[in-house]
2 protein chains.
Amino acid sequence: MPTLADVGKAAGVSRGTVSNVFNRPELVRPELRERVEAAARALGFGGPDPKGRLLRDGKFNAIGFMPPGAYAISEVMRSPYGRELVLGVSLACDEAGTTLSLVNGTDNTRFASIRDALVDGFILGHSADIGLIVSVQRRRLPFVILESDAGPDINSIKIDGRSGAVAAVRHLTGLGHRHFAILSVRRTPGPPIVHMPGQATRRLLAGFPLDDERLDGFKQGLAEANLSIDNVPIIETIPGEPSAGAVVFDRVPEATAILTMSDWQAITILDEAVRRGIDVPGHVSVVGFDGTAESARTTPPMTTVAQDVIGKGRLAARMVLDNEAPRQVVLPVELVVRASTAAPRTKIR
Amino acid sequence: MPTLADVGKAAGVSRGTVSNVFNRPELVRPELRERVEAAARALGFGGPDPKGRLLRDGKFNAIGFMPPGAYAISEVMRSPYGRELVLGVSLACDEAGTTLSLVNGTDNTRFASIRDALVDGFILGHSADIGLIVSVQRRRLPFVILESDAGPDINSIKIDGRSGAVAAVRHLTGLGHRHFAILSVRRTPGPPIVHMPGQATRRLLAGFPLDDERLDGFKQGLAEANLSIDNVPIIETIPGEPSAGAVVFDRVPEATAILTMSDWQAITILDEAVRRGIDVPGHVSVVGFDGTAESARTTPPMTTVAQDVIGKGRLAARMVLDNEAPRQVVLPVELVVRASTAAPRTKIR
DNA sequence: ACCATTTTTTGGAGCGCTCCAAGAATTTTA
DNA sequence: TAAAATTCTTGGAGCGCTCCAAAAAATGGT
C-alpha cells in the first residue's frame, strides 16, 4: 500500500502537500493539486490511511456495545428486547454521527475485546461481572452499565423491575388467579430446568441482578395475596428456547397464570398455546415483560410490564457520548393490560 | 494519559519490557513484572493503547455495515428486514470473533464515513450510488453490495426479486383477483404519493434497482393474466409510514388485492385493516415481501414472498471476511402462502 | 572459577499520518 | 522595479505501539 510519502515522491512534492491535497485541497494550487492527484491515481493510492490519522488525532468516533454475560451480539439481535435496545442506541448514534460498534466477546475473549475495542465509550449490557467494569475503567473510557447498579461513581440505567413484577402479580391476583407458574431465565447453556415446589435444587437466584429483582417482585406480589412463591413452580429457560411453552404446559398444567421475564418468553408460551389449542386468556393468562413492539401483535395481544426500551438505549448512548458526571437512572415501568390476561375459569384441557 | 514509555521510566525498565508485561507476561521475570505492574498502577496506566498497536499491526478486526441510500442505521434497525439482515451479519461476526460496525453516514458524510471507517471490509446496503462503491474500492477493502449487481468484478448478493413478484401476482390472479393496488417504496422524504392510472406524474421507476425489479415482476405477472400494470394504482410510501394503509383503502377502495414491497408495508396495511374492521382476506388480500419472522405472526398470518434474510446477511459477512474471488450470488425466493390471501368475494364496506 | 547455555531485557526502526512554524514563491502595492 | 504582502509548500516532531536482533544477566556444568 502506497503512503502519502510515496505519492509525494512520485509527484515531486512533500508529504504535507499530499496530505493537504486530500484534506484541505483549497490550500494547494490547482495545477499542483492535479499533479498530485495524478500521481496518487497512478500509484493506486486511495487516500490517507485512517490508521495514521487515528494515532495522530486520537478519536475513534464510535461507541461500543457489549452484550450482557456471555451472550453474543447475534443473540442480542435475535431477542425483541435486544433489538429495541440497539435501535435506541443507534438513534443516538445517528444524531451524533457516531459509529455503533457491536463488540463481540466470548467468555474468554471479552476482556481482550474491551481492551482492544476501537471505541470512545462503552455500553455494557446487564451483567453481574465486575471484571468487565474494571476493564473499561482501566481504559478510562466513559461507560454506562445497564440493569445493574454499580455504585454512585458509575453510570447506570435500570428499570424498576421489582415494581413491574409486583404490578404483574397484583393484576393477576386481582383477577382471581391463585395458581401460578414462573418462567425465569436460564443464564447457562442447556435445556429448561424445572424447579418444583419443595425440590432440593430449587433456588431463587437466577444469577443476574435483573432476574433476581424481578423474581423478588413476584415473591412480594404473591405474598400480598397470601401466596408463597415457594409453592410456585419456576422454570428456567434460555431466552428464545422454543420448548419453553411445552415444558410449562406439561409440567404445570394446573397453573392459570404464567409470569415471565420477557416478552420473548411470553411469545413462546403463546405460540405453544396456539399449537395446542389452549385458549389464552380463557384457560390460562400470560404476562410478558418489556413491552416491546412485538407484544402488541401477538395472538392475543399481550399484557406486559412495559418499559421504554428504545428510550433506554438512547439515553445510554447519550450518557457515554456526553460523558457527564455519573448518574444512576431508574426508569419507570407500566403494566400494559391487553388481551392475554383475564379472570381464571374452570379449566378444560 | 501515560504511555508505555512513561511506565518504563517509572519502573526503571524499557518500553519493550513494559509491553511484554502486558502482552507476554511469561517472558518477564516475576519480580520485575510485579515492579512494572506497580508502576503502571501508580501512574494509572490502563494497558497499551490500541491506537498504537493498530498502526503497528494494521488489522481492525471489524467489518462495517453501511445502510442503503440515505438511510440511517436506526432506520435499518427499525425495519423487520433490516433487523434480520443485521442479525445474519452478526451471526458471521460472532463466528469470526469480529466486531460489527454500523457505520453512519448522512447524505453528505457517507463518503467521509467510508474513507475513515475503522473496518477491514464493508457490506453496502442496496443502493444505486456508484460513488459509494468507488469510495470503498479506493480503500482497497473487500466488500459486497446487496441487491444490486455491479458487474463481474464486484461481490454482490441479491434475491430473485422479479420471480418473487411474478409468483405473488400469479398466486393472486390464480385466486381470481382482477383489481390490484401496489404499495411501492418512496425513497425520498415526504408523504405517500398516489399514482393513479393515466396520471401524468406516473412512473414505474422507484429509483433503487431492488424496487424497480419487483415492480417489473408485478408488471410481468399482471401481463400474464392479461392485465396491464398501467391500470393499477401505485402508492409510494416511506417504509414504516403509518398512514400507508389509510391511503390505500381511501384511494383504491375497489382493490381486492394489495401487493407490497416488504412485510413491513404489508403489516401497516394489516394494522389499518384491523382498525377499520376490514376483513383480510375476506374483503381484501394482502401479500408481503421478505418473509421476515414478523410475517408469520400478523393477524392473519401473512402470505409473503420469502427470502432467507438472515442467510443473506451471513453470507455477505462471510464474503467480506473470506475475501475470495468476486462472485455475484442470486438467492432464490419462495412464495409462502398463509392466511392473508384468498379468492375475492363481493366487497362489503 | 571459567566458559557455554539459557533466560531476560534493551532500544532502534518503523507503522502513516497531521500539525505547524518557517521558508519559498508569487502577487500586489507604491 | 523593489519592497511589502500574500499565498503556497516544506519537513521536523510526535502520536504509542510491537517487533526483533543484539546485549546483558543468570544459570549450569566441569
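By convention in this document, chain letters (A, B, ...) are assigned in the order of the sequence lines, proteins followed by strands, and residues within each chain are numbered from 1.
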Take the protein atom CE of M1(B) and the nucleotide atom P of dG16(D), then report the distance between them rounded to whole Å.
-> 10 Å
Distance-only donor-acceptor test, R15(B) side-chain atoms vs dG12(C) base atoms, 3.5 Å | yes
From the list dT10(D), dG16(D), dT18(C), which nucleotide is the closest neighbour of the side chain of T17(A)?
-> dT10(D)
Please examine the side chains of M77(A) and M77(B), heavy atoms only from C-beta on, and report whether any two atoms are closer than 4.5 Å.
-> yes
What is the minimum heavy-atom distance between L124(A) and F143(A), and which atoms define it?
-> CD1-CD1, 4.1 Å
Side-chain N or O of R24(B) closer than 4.0 Å to phosphate OP1/OP2 of dC19(D) | yes
Determine: side-chain N/O of T3(A) to OP1/OP2 of dG16(C), distance under 4.0 Å, yes or no.
-> no
Using the closest heavy atom to pick a nucleotide of DNA chain D for each, name whichever of G16(B) or K51(B) lands nearer the 5' end.
-> K51(B)
For I238(A), the option from R187(A), E75(A), R186(A) that meets side-chain contact (heavy atoms from CB on, under 4.5 Å) = R186(A)
Close side-chain approach of Q307(B) and L331(B), heavy atoms under 4.5 Å = no
Shortest non-hydrogen pair, G97(A) vs N61(A), comes out as O-ND2, 3.5 Å
Take the protein atom CG of L27(A) and the nucleotide atom P of dC8(D), then report the distance between them rounded to whole Å.
-> 7 Å
Which part of the nucleic acid, if any, lies within reach of L54(B) when heavy atoms closer than 4.0 Å are counted: base, sugar-phosphate only, or nothing?
-> nothing
Sorted by position of nearest nucleotide on DNA chain C, 5' first, the leading residue of N20(B) and A5(A) is N20(B)
The nucleotide from dG16(C), dG11(C), dT18(D) with an atom nearest the side chain of S14(B) is dG11(C)
Within the structure shown, what part of the strands sits under 4.0 Å from F22(B) by heavy-atom distance: base, sugar-phosphate, or nothing?
-> nothing
Of the candidates dT18(D), dT9(C), dG16(D), the side chain of L55(A) sits closest to dG16(D)
Picking from dC17(C), dT18(D), dT10(C), which would you name as closest to the side chain of R56(A)?
-> dC17(C)
Comparing P48(B) and R33(A) on DNA chain D - which has the more 5′ nearest nucleotide = R33(A)
Residue V28(B), side-chain atoms from C-beta onward, closest of dT9(C), dT9(D), dT10(D) | dT9(C)
Starting from C1' on dT18(C), measure out to NZ on K59(A) and report it in whole angstrom.
-> 17 Å
Given dT9(D), dG16(C), dC17(D), the nucleotide with the shortest approach to the side chain of F45(B) = dC17(D)
